[in-house]
Amino acid sequence: MAMTPDPKAAYGTAGHTSGHSAGAPGDESRRDFIYIMTGAVGAIGAAAVAWPFIDTMNPSADVLALSTIEVNLAPVQPGQSITVMWRGKPVFIRRRTPTEIDAAAKVNLSELVDPQPDSARVQKPEWLILVGICTHLGCIPSGQKTGDMRGDYNGWFCPCHGSQYDTSGRIRKGPAPKNLEVPAYTFLSDTTIRIG
Amino acid sequence: MSLFSWNTVDSVGKWIDVRLPIISTLKAHTSDYPAPRNLNYWWEFGFIAMFMLVIMIATGIFLVMNYTPHVDMAFNSVERIMRDVNYGWLLRYLHMNGASLFFIAVYIHIFRGAYYGSYKAPRELLWMLGVLILLLMIMTAFMGYVLPWGQMSFWAATVITNLMSALPLVGQEIVTWLWGGFSVGNPTLNRFFSLHYLLPFVIVGVVFLHLWALHTTKSNNPLGIDLKSPQDFVPFHPYYTLKGAFGTVLFLILYCYFVFFNPNVLGHTDNYIPANPLVTPEHIVPEWYFLPYYAMLRAIDFNIGIPFTDIVIINSKLGGVLVMLGSILILFFLPWLDTSPVRSCTFRPIYKWLVFLLIINCFILGYIGSQPADASFGGIPLNWIGKLGTFWYFFHFLVLSPVVGRIERPLPLPTSIGTPVLGGRA
């Protein structure tokens, strides 16, 4: 079979050169214009093709549907805590007794690891709503059930590394850096909230 | 002066190329690759097929992010993709119709090779690698179709895996091994999922070899003659990059028609019914790209044995399997079955019509595969036409190709590309 001679020897640079044009100045700008327009349309096309692939990884409709939940608070008695699942995480809802509310409000802010007044952490003082994940390394603190260890501040106690939270869910002792997170929530009525 | 300059890009490029000549190699095999100057639009479909392979892999990877390969959840996970996942409907329809368009491109690409003699020396290995790609595509498409776990998915899996039981002695054991159980079930679905993800990357590897073989012998051309002088070639870029882009856009218009306006017409409605192992659909039909093979399988409905005795050598089930498999395997031998010294059918006045007849035969077999086994057309049972079509397919390769190649008087070949155009002055 005949070996194909190097075609560049024949068609070399006569056929075309990339980019830089020779010839009349009008030709240059026309060629440049075409290159720029092709590049621009190509870039828009590439973005249009890429977008569905990127967006498909965003939360889908069924995940978004679970991104807010409504909770009925009527069955919860004073001094009682419940845990609900929200976005795959536990949320502690506690109906605080007047003693607990008092203790939380009286704390001197300078004693706190992460200073925050109790009033900034609740909409109605009776109802404390927190994301039940320790801000240290993510374990779920104990304190929701009667008989659970509550730690020295009568709130929650994380068994993993000993972080202790008070009756406002604020970190008092132990390695956790921040208070338990307060999620975004709205009171739809006196006895129902929507979280998220 | 800004930080960026072409000189900097050039020097970085040279630094890399001296250590790993990837830039110069890619340039030599893409933009600088010498292509015959007379390639027509039938030469687009190889590139289009590769483009479809990339689309299938990309859409497939993103579909897997939301698919669950368990018999209790597969169907619903596909419906979740269609309804809840952002652009899930688009990814699914692109993947589903992409398979059909991939086969359209590959079948046209194969018939181009058959007509222009692209399988002849020195391109025999190139052709055989292509047939291997077709086999891998068929396996991949079959396993992919099982994954949505609809009625057709389940029963196609049952019918096709049961074919293995035709093999003597070890048949049933092989089937049990394939199933991972005593019927198509969860183990089967899971292993099909694993292999369906694997095989496309095997296809990519064989495509690489296919392109390597092509770049070694260089492309064939519509005249089928060996090209000698440098003037017969043009650089791939810009001539065939732009022609290829144009052809691909036309193909994409067809693709987008199916994806956006008629995404389910090429499929079977029964596959939107969840799989039920206790109910067989009235008409089990494979996807359109398998219909000719299906027709050949069903055409062998008689035992082959010693006449006038009860001795059966090959029963009808085994016969059907051998014929169906044989119809693809015979393609491997085409370079040696066709004895003509002339490549392109442009200069083969008799064989040209036989190739067209073969193509029409494939369409007829496809139609027969789509109909119930006992259907008839204008009073003639389709079963007889199916047998005739199957016979003709093998007759074309085993008898006509060798014989016509020898007895045919080809038209005189032009001496160069220029001659037919410039009338002997080139």
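In what follows, chains are A, B, ... by sequence order, proteins preceding strands, each numbered from 1.
- For B/I22, the CD1 atom sits in a loose shell: 12 or fewer heavy atoms of surrounding residues, nucleotides or ligands are nearer than 6.0 Å.
- Heavy atoms of other residues, nucleotides or ligands lying less than 6.0 angstrom from NZ of A/K124 number more than 12.
- Counted within 6.0 Å of CH2 on B/W212, heavy atoms from surrounding residues, nucleotides or ligands total 12 or fewer; the atom is thus considered open.
- Interface remark: B/A121 contributes no atoms to any contact with chain A (heavy atom separation under 4.5 Å).
- Proximity to chain B at a heavy-atom threshold of 4.5 Å picks out nothing from residues 146-166 of chain A.
- With sequence neighbours left out, the disulfide (SG to SG under 2.5 Å) criterion links B/C256 to no other residue.
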Validation: residues 42-57 of chain A side-chain donor-acceptor distances under 3.5 Å, sequence neighbours left out:
{"residue": "A/D55", "atom": "OD1", "partner": "A/N58", "partner atom": "ND2", "Å": "2.8"}
{"residue": "A/T56", "atom": "OG1", "partner": "B/N86", "partner atom": "O", "Å": "2.8"}

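- Within the model, atoms CG of B/N66 and OG of A/S60 stand 6.5 Å from one another, a figure rounded to the nearest 0.5 Å.
- Partners of B/N76 under the side-chain hydrogen bond (donor to acceptor under 3.5 Å, both in side chains) rule, at least two apart in sequence or in another chain, do not exist in this structure.
- In this structure, B/F251 places its CZ atom where more than 12 heavy-atom neighbours from other residues, nucleotides or ligands lie under 6.0 Å away.
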